[in-house]
Amino acid sequence: MRISLLVKGLVAVVLAAFALFFALPMVWLVLASTKSPAGLVRDNPLAPGSLGTLLDNWRHLMDFQDGAVATWMGNSVLYAALAVVLTLLVSVPAGYALALMSFAGRRLLLIITLVVMLMPATALVLPIFLELSYVGLVNTTASVVLPMSFFPFGVYLTYIYFSTSVPASLLDSARLDGCGETATFARVALPLAKPVVALVGFFSFTQNWNNFFLPYVMLPNSDHYPMQVGLTQMLAATPTFNPVVGAAAEVQPPELVLATLLSITPVLLVFLFSQRFLVAGLTAGATKG
Amino acid sequence: MTAPVISAAAAPARSRSRSWRPAAGHVFVSGYVVLLVAFGIVPTVYALNLAFTDSGGRFAGLDNFVRTAQDYRFLAAVGHVGTYLVLWLVMLAVLVLVLALLVHRLTAAWSRATLRFVYYVPGALAGASSVLLWLFMLDPSVSPVDGIVRALWGSTFVAVVAPGHLPWIFTVIAFWTGAGGWIVVMYGALNGIPHEIIEAARVDGAGPVRTALRVQLPMLRKWIVYMLILSLAAGTQLFVEPQLISQASFGVVGTDYSLNQLAYLYAFDQNDFNGSAAIAIDLLVVAVCCAGFFVAKGGLFDAD
C-alpha cells in the first residue's frame, strides 16, 4: 500500500515536471514582454513588469525600421491566407475524386500523394528554389504562396474523410436526381465536408505561418519577408545576441520577446479556439485501423 | 473499420458508369496535379538534372556528389545531424511513450484533458519563433531556469551554445514543439486498445508496468514506427535551429552545421547550384526512402 502511494507520488511529480517544461517558456514569454531591458535581467524572471512598459515596448517595436514589423505581419497574413484558399480549392475536389470516383491513374496519384505527404516539406525547398530561379519567379509572392499551396497531407485527409464518412449511395441518388458531377460535389458532398475543410484549413494555416526555410530562401527583399523571417532580422539587431550592434542597438531584448509573442499570436488563437476538434482530428487516424 | 463497407457499396456504381466518369475525375484532381507536378515532380527532376551535370550543363556523372561529399564540412555536418537524430529519436520514443502511458492511466478525466492540452499547446509554435524563445530560455542572464542552464551548460550564453551542446539543445527544442502532438496521438491509440484485453492482462496478474510492456506497447508498434520514421525524415532536414543559433552565437557555431545549411551555402555563397542540388538530392533520397518504407509496408496507410 505504501509503495503504491510512493509510485503515485512519483508519477504525479513526473507529469507535473513535464507540464512545467511545456508551459513555463510560454508563461515567461508573456511576462517578459512587459518588462524593461534592465528589468528583464534584474528582476525575477517570473515577476510581471508593467502595462506601461509593455506599451513602450510596443511603440519601439512598431518604430523598428519604420514599421517593418507591421509589414511582415501583413505579409505573413497575406501568404498564409492565399495559400490556405488555394490549398482548399485544389485539395478538397482532389480528395473527393480520389475517394469516390474512378479514373485512370487514380492509384498512382494516391501512392505519389502518400510518398510526398510523408516527406518533410523542407526536403523540396532547395529543388523548388532552383526551379523557380530558373524560371525567374524568385522574390515574388507567387514563389512562396504556390509551393505552400501544394499540401498533399490535405488531399490525404479529405481522401480519408470522403472514403469513410460519405456514403457513395448518397451521391448516386443525387446523380439519379439529375445532378451533374459538379452539382453533386457542390450541393451534396461539400456541405458534408465542413469538418475536414476546417481541419485542412487549420493544418495548412499553421504550417504556412510557421514556415521559415521556404520564404527565407525565396525572398531576398526585406519588404517581402513574412514575420518568421523578419524575426531573424530583429535577432541580428539585438545586443544580447549580437554584440556588434552595441549601444546603437535598434531592438532591445524585451522588444524581441514581444515580437516573438506577436509572431505566434495568430496561430495560438486559432489553436486555442479549435483545440477540441483538433484533438479529434489528430486521433481520427488512430481509430481507423 | 467502415472502409470495406463503403467500398463495397461504391464498387457497382463505379463499374456501371465507367464510360464517362473518368473524365470527371480528372477534372476534379487537375488543380492538385498541376501543383504536384510544379512543386513535387518538376523540382525533383530539375534538381536531379543539376546534380548530374556541371556548371556548363554537360553530364558529370557522380562528380557533384563526390565533390560535395569530400568537402571537409560535409562529413562534419553528417556527424552533427546524425548525433542529433540519435539523441532526439531515443528521447522522443522513451518520453512520449512514458508520458502517454502515465496520462492514460490517470483516473480523473479533468487531469488527463488538462495535461494533454498543456503538453500539446507548444505544438502551435515552430520555425523561428520557437527557436527565438529557446534562445532566451538558454541565456542564463534572463532565463527562468538559469540554475539548470548554468549547471548543465555554462554561465554565459556563448558557453551554453558551444557546438558540443547543440545536439542536446536541438533535442530540447524539437521535443518542446513536437512531443505534445505525438503524446496526443499515442493517447488516442492507447484508447483504441479494447478494454477487455487490458482487463484480461490484469486478471492474469500483470501489473501496470508489465501490461504496458507486454500488451500496450506491442499494440502501439505501428504508431511508434510511424512517429520515428517521420521524425527521422524531418530531423535530417535540420535548418532553422542551427541557422539562428549560429547567427546569435558570435561565431561560435558556423553556418555549416547541418546538411541543409551546407546546401544553402553552396547555392547562395558559392553560386554552385550543381553542388547544392547534389546535397539536396542526398537529403531527398533519405526523405523518400523513409516515406517509401511506409507505402511499401502498407499496413498503416492502405491506398485502397
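For clarity, every value in this text was computed on a predicted model and none was experimentally measured. Naming convention: chains lettered A, B, ... in sequence-line order (proteins, then strands); numbering from 1 in each chain.
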**Prompt:** Measuring heavy-atom distances to chain B, does Phe18(A) have an atom under 4.5 Å in its side chain, in its backbone, in both, or in neither?
**Reply:** both
**Request:** Under 4.5 Å heavy-atom distance to chain B, tell me which part of Leu171(A) shows up: side chain, backbone, both or neither.
**Result:** neither
**Asked** What distance separates Leu86(A) CG from Ser149(A) OG, expressed to the nearest 0.5 Å?
**Response** 4.0 Å
**Item:** Contact class of Phe239(B) relative to chain A, heavy atoms under 4.5 angstrom
**Value:** side chain
**Message:** Is Leu244(B) close to chain A through its backbone or its side chain, or both, or neither, when contacts mean heavy atoms under 4.5 Å?
**Reply:** both
**Prompt:** At a heavy-atom separation under 4.5 Å, does Ser143(B) approach chain A through its side chain, its backbone, both, or neither?
**Reply:** backbone
**Request:** With rounding to the nearest 0.5 Å, note down the distance linking CZ in Arg116(B) to NE2 in His104(B).
**Result:** 9.0 Å
**Prompt:** So what's closer than 4.5 Å to chain B heavy atoms on Thr232(A): side chain, backbone, both or neither?
**Reply:** both
**Request:** Select one option (side chain, backbone, both, neither) describing which atoms of Phe175(B) are under 4.5 Å from chain A's heavy atoms.
**Result:** both
**Message:** Is the ring pair Phe294(B)/Tyr226(B) parallel, tilted or perpendicular, if the boundaries are 30 and 60 degrees?
**Reply:** perpendicular
**Fill in**
Rounded to the nearest 0.5 Å, the CG atom of Leu146(A) sits from the CG atom of Leu137(A) at a distance of 8.0 Å
**Asked** How far apart are the closest heavy atoms of Ala23(A) and Val118(B), and which atoms are they?
**Response** CB-CG1, 4.0 Å
**Message:** For the interface with chain A, which of Ala128(B), Gly31(B), Ala38(B), Gly127(B) has the highest count of heavy-atom pairs at distances below 4.5 Å?
**Reply:** Ala128(B)
**Item:** Over all atoms of both residues, closest heavy-atom pair of Gln237(B) and Ala287(B)
**Value:** NE2-CB, 4.3 Å
**Message:** Using the rule given for side chain to side chain donor-acceptor pair (under 3.5 Å), can you reason through Ser76(A) versus Tyr225(A), listing the C-alpha separation, both sets of side-chain angles and the distance that settles it, and then say yes or no?
**Reply:** CA-CA 8 Å; Ser76(A) 276; Tyr225(A) 284 175; over 6 Å; no
**Message:** What verdict does the ring-ring contact (aromatic ring centres under 6.0 Å, His included) test give for Phe268(B) and Phe273(B), after you've listed the backbone C-alpha separation in whole Å, the side-chain angles of each residue and the deciding distance to 0.1 Å?
**Reply:** CA-CA 8 Å; Phe268(B) 293 87; Phe273(B) 281 13; 7.2 Å; no
**Complete:** Under 4.5 Å to a heavy atom of chain B? For Phe241(A) that would be both
**Message:** For the CG atom of Leu268(A) and the CE atom of Met26(A), what is their distance to the nearest 0.5 Å?
**Reply:** 4.5 Å
**Contact class of Val33(B) relative to chain A, heavy atoms under 4.5 angstrom** = side chain
**Request:** Any chance you could lay out the side chain to side chain donor-acceptor pair (under 3.5 Å) test for Tyr216(A) and Gln243(B), step after step, and finish with the verdict?
**Result:** CA-CA 11 Å; Tyr216(A) 184 76; Gln243(B) 189 73 10; 3.0 Å; yes
**Spacing of CD1 belonging to Ile245(B) relative to CD1 belonging to Ile173(B), to within rounding of 0.5 Å** = 5.0 Å
**Item:** Pick from Val155(A), Leu46(A), Leu29(A), Val267(A) with the largest number of heavy-atom pairs that fall under 4.5 Å of chain B
**Value:** Val155(A)
**Prompt:** For Tyr46(B), is it the side chain, the backbone, both, or neither that has a heavy atom closer than 4.5 Å to a heavy atom of chain A?
**Reply:** side chain
**Message:** Taking every non-hydrogen pair under 4.5 Å, which of Val92(A), Val116(A), Leu109(A) racks up the most with chain B?
**Reply:** Leu109(A)
**Message:** So for Leu24(A), is it side chain, backbone, both, or neither that comes closer than 4.5 Å to the heavy atoms of chain B?
**Reply:** side chain
**Message:** At a 4.5 Å cut-off on heavy atoms, which part of Phe157(B) comes close to chain A: side chain, backbone, both, or neither?
**Reply:** side chain
**Message:** Is Leu95(B) in contact with chain A via its backbone, its side chain, both, or neither, using a 4.5 Å heavy-atom distance?
**Reply:** side chain
**Complete:** Of the listed Ser249(B), Ala248(B), Ala47(B), the one with the largest count of heavy-atom pairs under 4.5 Å with chain A is Ala248(B)
**Request:** Could you tell me which portion of Val229(A) (side chain, backbone, both or neither) has an atom closer than 4.5 angstrom to a non-hydrogen atom of chain B?
**Result:** neither
**Fill in**
With chain B, the option among Leu40(A), Leu235(A), Ile112(A) that has the most non-hydrogen atom pairs under 4.5 Å is Leu235(A)
**Message:** The test is side-chain contact (heavy atoms from CB on, under 4.5 Å); show your working for Asn260(B) and Leu283(B) and say whether it passes.
**Reply:** CA-CA 8 Å; Asn260(B) 251 333; Leu283(B) 286 168; 3.4 Å; yes
**Request:** Apply side-chain contact (heavy atoms from CB on, under 4.5 Å) to the pair Tyr159(A) and Tyr96(A), showing each step before the final yes or no.
**Result:** CA-CA 6 Å; Tyr159(A) 160 72; Tyr96(A) 168 80; over 6 Å; no
**Asked** Can you tell which of Asp43(A), Val257(A), Leu261(A) has the highest number of heavy-atom pairs within less than 4.5 Å of chain B?
**Response** Val257(A)
**Prompt:** Checking heavy atoms, do the side chain of Leu36(B), its backbone, both or neither come under 4.5 Å from chain A?
**Reply:** both
**Request:** With side-chain contact (heavy atoms from CB on, under 4.5 Å) as the test, would you mind laying out the steps for Val142(B) and Trp28(A) before giving the verdict?
**Result:** CA-CA 10 Å; Val142(B) 299; Trp28(A) 180 88; 4.1 Å; yes
**Request:** Could you tell me which portion of Leu126(A) (side chain, backbone, both or neither) has an atom closer than 4.5 angstrom to a non-hydrogen atom of chain B?
**Result:** side chain
**Fill in**
Heaviest contributor of heavy-atom pairs below 4.5 Å to chain B, chosen from Val11(A), Val115(A), Leu15(A), is Leu15(A)
**Request:** Heavy-atom distances under 4.5 Å only: say whether Leu132(A) touches chain B with side chain, backbone, both or neither.
**Result:** side chain
**Asked** Does any heavy atom of chain B fall under 4.5 Å from the side chain of Thr238(A), the backbone, both, or neither of them?
**Response** neither
**Item:** Selection from Thr122(A), Asn211(A), Thr206(A), Thr182(A) maximising heavy-atom pairs under 4.5 Å formed with chain B
**Value:** Thr122(A)
**Request:** Heavy-atom distances under 4.5 Å only: say whether Val125(A) touches chain B with side chain, backbone, both or neither.
**Result:** neither
**Request:** Counting only heavy atoms closer than 4.5 Å, note whether Leu190(B) contacts chain A via side chain, backbone, both or neither.
**Result:** neither
**Item:** Part of Val145(B) lying under 4.5 Å from any heavy atom of chain A
**Value:** side chain
**Asked** Non-hydrogen atoms of chain A under 4.5 Å away: do they reach the side chain of Asp139(B), the backbone, both or neither?
**Response** side chain
**Prompt:** Parallel, tilted or perpendicular: which fits the ring planes of His26(B) and Phe103(A), with parallel below 30° and perpendicular above 60°?
**Reply:** perpendicular
**Message:** Restricting to non-hydrogen atoms, name the atom on Ala51(B) and the atom on Ile281(B) that form the minimum distance, rounded to 0.1 Å.
**Reply:** CB-CG1, 4.0 Å
**Prompt:** Ser263(A) and Ser129(B): side chain to side chain donor-acceptor pair (under 3.5 Å), yes or no, with the steps?
**Reply:** CA-CA 7 Å; Ser263(A) 75; Ser129(B) 309; 2.8 Å; yes
**Request:** Might you point out which heavy atoms bring Gln228(A) and Trp209(A) nearest each other, and give the distance in Å?
**Result:** CG-O, 3.3 Å
**Request:** Could you tell me which portion of Leu50(B) (side chain, backbone, both or neither) has an atom closer than 4.5 angstrom to a non-hydrogen atom of chain A?
**Result:** side chain
